[in-house]
Asker: 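Sending over a structure as structure tokens; questions will come in a sec.
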Number of protein chains: 2
Amino acid sequence: MPSPGNPSAGRPRSEEAHQAILNATVELLAEQGYSALTVEGVATRAGVGKATIYRRWSSKLPLVVEAFSQLPSLEEVDTGDLVNDLEKMLREYLHLFHASPLAAVLPSLIGERRHNPELSELLDPVLRGRRQPLNRALERAQERGELRADVDLELAADLIVGPIAVRLFFSGAKIHPRIVGPVVQMALDGLRAVNSEG
Amino acid sequence: MPSPGNPSAGRPRSEEAHQAILNATVELLAEQGYSALTVEGVATRAGVGKATIYRRWSSKLPLVVEAFSQLPSLEEVDTGDLVNDLEKMLREYLHLFHASPLAAVLPSLIGERRHNPELSELLDPVLRGRRQPLNRALERAQERGELRADVDLELAADLIVGPIAVRLFFSGAKIHPRIVGPVVQMALDGLRAVNSEG
DNA sequence: ATGAGAACGGAACGTATAGTATCGTAATGT
DNA sequence: ACATTACGATACTATACGTTCCGTTCTCAT
């Protein structure tokens, strides 16, 4: 059971072990990918018994999700100019994904979500949270009048992230940060063009 | 061994069993997802022995890739107008993916590609082939002068497919075909805007 | 101090599945 | 007829998830 009946009784859970497990999970995911990840491997790498892992996470999946959610996320950028904000954040986004091979796990998780409600409940909030800085930048731009009030912000976000995400996950190719500028420009120009027609 | 020494000796492989195996794979993937797919399950559903499966596919992965590649692909559309071509094809694309839950498998496969060269070699040609109709439409438009010669067609394809792919795989939400028009318009307007600046 | 409670690492266990091997049988070409 | 190969069925090996026990260690309450 995750929470003992009396929290101030008995030996407390080792925070050290907790972090060692998460770190080992991240390392092994990066090295060998998701399907090659074994709980035994994590336990060995972390210097921990399997029971210690299952005491904290009900199965491999929640462990992976928590390890994933520990990845550094986007920092919010607010320069007062939408293009600037988006370019900076997307460059950072690229950097994060190139620097951490753990990102390769995301498609695996996504793929299983549809048939695994438990995973969906675990993963969806994490994904939503990661898009927040982008959404907020778009909202601010809308408030400033940089984007018209009737622009669909979710569509805008997909339009901006989509091309980069597709390259990142599907083609698997490294992406020059240089590409971010044109992509943002195109997306915004496209949005403006459509909206100025109604 | 997949190819016997003398192809015209002995009992020939049953084409019926071959198709039954692929069909069973497709059905089970659609019903239960990738991680729940078992070779025994496929064999049972197909009314076939496991050996018959392993005689044709070296492991579960190639089987899944071939089942996936059997999905109906995009038909090429050539109306003489790029926007028209793209809208028609993307609507068909959406229809295909909404109609066949097997599409949910793609992210799983994509996720494992990075750490599995064998899978990469199997899957990459299939993915490339599926983008062909889109690429060809863009090439034709470029020849007609509808797109400038210096437009990066790969980037253009990512710009167009990206937003829809992200919604399809990541947000997992159903997508109104109505959204295709604006997305294509935005992407192309964006491309033109950037290119007319240099 | 001492004892209760809980987590610790380690190891054994049960179940499920990938993949291999072997059975007797069925189908094809020579 | 005979050689050859595939067939479905079944048993088998190896691996890995997840559970359960062990003796030990840590922390708090008394």
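Computed from a predicted structure; not experimentally measured.
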Asker: Hey, can you pull the residues of residues 31-43 of chain A with a non-hydrogen atom under 4.0 angstrom from DNA chain D?
Answerer: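 Nucleic-acid contacts, sorted: A:L37, A:T38, A:V39, A:E40.
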Asker: Given C:dA27, D:dG18, C:dG9, identify the nucleotide with an atom nearest to the side chain of B:P12.
Answerer: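 Of all the options, the side chain of B:P12 is nearest to C:dA27.
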Asker: Does the side chain of B:S14 get closer than 4.0 angstrom to OP1 or OP2 of D:dA6 through an N or O atom?
Answerer: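 Negative; the distance criterion is not met.
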Asker: If you check the B:K50 side chain, which of D:dC21, D:dA9, C:dA18 turns out closest?
Answerer: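 My answer, after comparing the listed nucleotides, is C:dA18.
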Asker: If we ignore hydrogens and angles and just use 3.5 Å, is the side chain of A:Q142 paired with the main-chain N or O of A:A149 as donor and acceptor?
Answerer: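 The answer is yes, because a donor-acceptor pair under 3.5 Å joins these two groups.
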Asker: Is it true that a side-chain atom of B:R56 and a backbone atom of B:T52 form a donor plus acceptor pair closer than 3.5 Å?
Answerer: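 It does hold such a pair.
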Asker: Would you say that more than 12 heavy atoms from the other residues, nucleotides or ligands in this model lie under 6.0 Å from the CD of A:E16, or not?
Answerer: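 Counting neighbours around CD of A:E16, 12 or fewer heavy atoms of other residues, nucleotides or ligands fall under 6.0 Å, so no.
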Asker: Side chain of B:K60: nearest nucleotide among C:dG19, D:dT27, D:dT19?
Answerer: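 Shortest atom-to-atom distance from the side chain points to C:dG19.
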Asker: Just the rounded figure in Å: distance from C1' of D:dT27 to CD of A:E16.
Answerer: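 Between C1' of D:dT27 and CD of A:E16: 16 Å.
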Asker: Atom OH of A:Y54 to atom P of D:dG18: distance rounded to whole Å?
Answerer: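 Rounded to the whole Å, the gap is 4 Å.
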Asker: Tell me if a side-chain donor or acceptor on B:T25 pairs with a main-chain N or O of B:I21 at a distance below 3.5 Å.
Answerer: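 It does hold such a pair.
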Asker: Using atom CG of A:L28 as one end and atom P of D:dA16 as the other, report the distance to the nearest whole Å.
Answerer: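 The answer, rounded to whole Å, is 12 Å.
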Asker: Taking atom C1' of C:dG19 as reference, at what distance in whole Å does atom CD1 of B:I53 sit?
Answerer: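 It is 11 Å, rounded to the nearest whole Å.
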Asker: To the nearest Å, how far apart are B:I21 CD1 and D:dA6 P?
Answerer: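 Checked: the CD1 to P distance equals 13 Å.
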Asker: Can you find a donor-acceptor pair, distance only, under 3.5 Å between A:R13 side chain and C:dA7 base?
Answerer: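 No, the side chain and the base share no sub-3.5 Å donor-acceptor pair.
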Asker: For atom CD of A:E75, is the number of surrounding heavy atoms from other residues, nucleotides or ligands below 6.0 Å larger than 12?
Answerer: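 Not more than 12 within 6.0 Å, no.
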Asker: Would a distance-only check, ignoring hydrogens and angles, find a side-chain to backbone donor-acceptor pair under 3.5 Å from A:T44 to A:E40?
Answerer: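 Yes.
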Asker: When you match B:R11 and B:A17 each to their closest nucleotide on DNA chain D, which lands nearer the 5' end?
Answerer: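 Nearer the 5' end of the strand: B:R11.
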Asker: To the nearest Å, give me how far apart CD (B:E15) and C1' (C:dT28) are.
Answerer: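 About 16 Å, once rounded to whole Å.
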Asker: Is a side-chain N or O of A:E87 found less than 3.5 angstrom from the main chain of A:V180, in a donor-acceptor match?
Answerer: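 Between the backbone of A:V180 and the side chain of A:E87 there is no qualifying donor-acceptor contact (under 3.5 Å).
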